[in-house]
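Input: a single structure, listed below in structure tokens.
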Amino acid sequence: YQASISRVVREPPSALTPAEVDVLLTQEKEPSIKAFTATIFDLARKGLLKIEDKVIEQTGLLRTKQVYQTNIKFTGEIKDINQLKPSEKLVLELLFNEISTMPQRGNEMLLLLNQTLHTDLNLKQSDKSRDTIKGMISFDEIKKWLKEHPTSFQTWLKKWKETVLEGVKTHDFVEDA
């Protein structure tokens with residue numbers, strides 16, 4: 001009996017993004033939606049995002065209840081925006097330029113991110129005003145936007161997956177045997 005192995009992984013992943021690791025684990029098919037979520041948490045681990053739970057008290061007629069709101073804040077804690085991989089930049093663009101409704105002026109790092117994205121990835125500017133860059137978003141806003149804009153998200157997700165795959169190919173982790 002002779003087995004044929006068409007691909008060999010040369011090295012284990014090290015400083016790869018969760019999306020790139022996901023692609024390697026699925027043998028270069030495409031990153032999953034879990035990889036998208038993991039990318040958000042990885043950006044928080046790197047210090048670019050801060051994820052906070054905020055307790056909001058909602059008072060009713062007979063009682064008060066506590067509701068937790070989870071917010072993601074862009075910290076700008078990076079010296080060089082070019083240290084980010086294009087797929088990570090796309091996630092930040094989606095969260096803070098497309099979905100977020102909480103304006104925050106003067107965040108130079110987000111302005112630079114926006115410029116870099118549109119230069120590096122040839123993204124077209126949307127009709128939204130780019131003079132106000134948003135720096136905070138809640139998970140509730142993300143869920144609401146996803147429900148209201150499923151086609152926009154699918155288009156974005158396709159572009160993100162392609163960008164991740166392009167990034168994985170540059171590493172040469174997988175080669176033909």
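Taking the side-chain contact (heavy atoms from CB on, under 4.5 Å) definition, one finds that Ile33 meets it with Phe36, Phe153, Leu157, sequence neighbours left out. Listed by chain and number, the residues in a side-chain hydrogen bond (donor to acceptor under 3.5 Å, both in side chains) with Ser152 amount to none (sequence neighbours excluded). Residues forming a side-chain contact (heavy atoms from CB on, under 4.5 Å) with Phe41 (at least two apart in sequence, or on another chain): Thr37, Ile51. Scored by the side-chain hydrogen bond (donor to acceptor under 3.5 Å, both in side chains) test, Ser32 finds Asp22 as partners (sequence neighbours excluded).
Put simply, CZ on Phe139 and OG1 on Thr70 are 6.0 Å apart, with the number rounded to the nearest 0.5 Å. For the atom pair CD of Glu141 and CG of Asn71, the computed distance is 8.0 Å after rounding to the nearest 0.5 Å. Distance CD1/Ile142 to CD1/Ile72: 4.0 Å, rounded to 0.5 Å. To the nearest 0.5 Å, the span separating NZ on Lys73 from CZ on Phe96 amounts to 10.5 Å. Here the NZ-OG1 distance, from Lys161 to Thr163, works out to 12.0 Å after rounding to the nearest 0.5 Å.
Only one option out of Thr170, Leu165, Val168 pairs with Glu20 in a side chain to side chain contact (heavy atoms under 4.5 Å, CB included); it is Val168.
Scanning both residues, Ala19 and Ala35, for their nearest heavy atoms gives CA-CB, 3.7 Å. Residues Leu95 and Ile137 approach most closely at O-CD1, 3.2 Å, considering heavy atoms. Between Val23 and Glu30, the shortest heavy-atom distance links the atoms CG2-C, 4.0 Å.
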Extract all donor-acceptor atom pairs below 3.5 Å that involve side chains of residues 54-61 and protein atoms in other chains or at least two apart in sequence.
none

Exercise. Decide side chain to side chain contact (heavy atoms under 4.5 Å, CB included) for Leu84 and Leu43; before the verdict, give the C-alpha distance in whole Å, the side-chain angles of both, and the deciding distance to 0.1 Å.
Key: CA-CA 9 Å; Leu84 292 177; Leu43 289 168; 4.1 Å; yes
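Residue pairs satisfying the side chain to side chain donor-acceptor pair (under 3.5 Å) criterion with at least one member in residues 39-48, sequence neighbours excluded, are listed as follows: Asp42-Arg45, Lys46-Glu88.
Put simply, the side chain of Lys89 does not reach to within 4.5 Å of the side chain of Glu93, judged on heavy atoms.
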